[in-house]
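Model, not experiment: these values are computed from the prediction. Position 1 is the first residue of the sequence, and the numbers go up from there.
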Amino acid sequence: MRLFQKTGISAAMNRLALGLGLIALFSAILLLSDLGHRKTAMAYPTGNSRAGAATRTMKAAIVYYAPGIATEECVQGLIDGLKANGFEEGKNLEVRKADAQADMMNIPAILQNYDNSDVDLIMTVSTPCLAGACNTVKHKPVVFTCVSDPIAAGAGKSRAEHLPFVTGVGSFPPVSHMLDLMQKLVPGLRAVGTMYNPAEANSVREQAVAREVYRSRGIRLEQIAISGSSEVLQAVQILAGRDIQAVWAPGDNTVIQGYEGAVKGAQDARLPLFTNACVTLSRGGLACLGVGMKYSSLAAGKLAAGVLRGNNPKNVPLEEVVVEEIGISRSNAERLGIAIPSEYSQKIRP
């Protein structure tokens, strides 16, 4: 009898030990699963989770539409802004760059590549690249610059209410001030011709504003839609046949890429060419009036530094930085027989 009792007790103890062992095993599995879930949830850093930014080399990617002097100004502004705020390339910052070769179809793949890489931040230059990031990026924070209208590009509903992983600096072109300059350099101005790519949200917005501004002043605005930079010359040739007195090259990425075509078309028709991008005036044209993108990019670089330190883009309102630049080409004005008003004497370039 005693043997049976001991055997029963022993069997019960064995079953209890087995049960406790299984409970401990399942608990361990659940704990590991929960830790893995927490790590995944923390893959997008917030708050002070990037405290290591002060001691390790941070990695940032810059994605831009196409190479060129306008792009170079934006990229350098970002790098200078980061440096001024504690992140210097070659010391505690690694910068990777990629361009879409002026083809919007290339943008999503570039962004996906960086989104799935080990970079800490993606910075975009131009509206097409921002629009692509808004639709493509899932895991990384994004800071943008050199964008006319980030809301039109899909960044959010307002500067305060925007996509939680996006922040940056917008710079809407001073359309009415450009028309002021045109009317002072071309007295009796009746009509202006321009071209733009309707696939670019920034251009659609700028042209819509321009239509209202020109209509309010009684100036006819002739607009031609293009889809590639090779079409710029032909667009100017068509516009020249519509009884215009000036050609306007807006802040459109496609137009900027094909700017030489605008210069040739305007020269052949003996028409003054105005451009939003002052960095392109050295390539031809009468005058420029637009936003100094280096200032916008410096401001964006500061925001990028904050994100690298742990600021959550969700809590960083979109900024608007507009520092106007004006330039007038003396040689082009002389060739066209245009007198430069004395008020612009400090804005004259060779």
Quick one: pull up [atom1] in [X] and [atom2] in [Y] and give me the separation to the nearest 0.5 Å.
X	Y	atom1	atom2	value
Y259	D252	OH	CG	13.5 Å
N135	L130	CG	CG	9.5 Å
R159	I151	CZ	CD1	8.5 Å
S117	H139	OG	NE2	10.5 Å
C129	Y64	SG	OH	10.0 Å
S203	D149	OG	CG	11.0 Å

ask   = In this structure, which one of K140, R56, K59 forms a side chain to side chain donor-acceptor pair (under 3.5 Å) with D120?
value =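 Checked K140, R56, K59 against D120; only one passes side chain to side chain donor-acceptor pair (under 3.5 Å): R56.
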Between [Y] and [X], does any NZ, NE, NH1 or NH2 come within less than 4.0 Å of an OD or OE carboxylate oxygen?
X	Y	value
E343	K184	yes
K264	D268	yes
E73	K294	no
E89	K91	no

Side-chain heavy-atom pair [X], [Y] within 4.5 angstrom cut-off:
X	Y	value
Q223	M195	no
V186	F274	yes
V125	K97	no
T71	Y65	no
Y214	V192	yes
D115	K138	yes
I62	V95	yes

Shortest non-hydrogen contact between [X] and [Y], atoms and distance:
X	Y	result
V291	F172	CG2-O, 3.9 Å
A155	L318	CB-CD1, 4.3 Å
G132	L111	C-CD1, 3.3 Å
V321	S171	O-OG, 2.7 Å
A100	I110	CA-CD1, 3.8 Å
L308	M58	O-CE, 3.6 Å

request  = Go through S297 and Q76 one step at a time and tell me if the side-chain hydrogen bond (donor to acceptor under 3.5 Å, both in side chains) criterion holds.
outcome  = CA-CA 8 Å; S297 298; Q76 192 58 50; over 6 Å; no
inquiry  = Given L82, which partner from the list V143, L298, L93 fulfils the side-chain contact (heavy atoms from CB on, under 4.5 Å) test?
reply    =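 It is L93, the one option of V143, L298, L93 that forms the side-chain contact (heavy atoms from CB on, under 4.5 Å) with L82.
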request  = Please determine which of L273, N276, V279, L281 meets the side-chain contact (heavy atoms from CB on, under 4.5 Å) test together with C288.
outcome  =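 It is L281; the other options fail the test.
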ask   = Passes side-chain hydrogen bond (donor to acceptor under 3.5 Å, both in side chains), T280 versus T275? Steps please.
value = CA-CA 8 Å; T280 64; T275 173; 3.3 Å; yes
Full working for side-chain hydrogen bond (donor to acceptor under 3.5 Å, both in side chains) between E231 and S227 = CA-CA 7 Å; E231 300 173 18; S227 60; 2.7 Å; yes
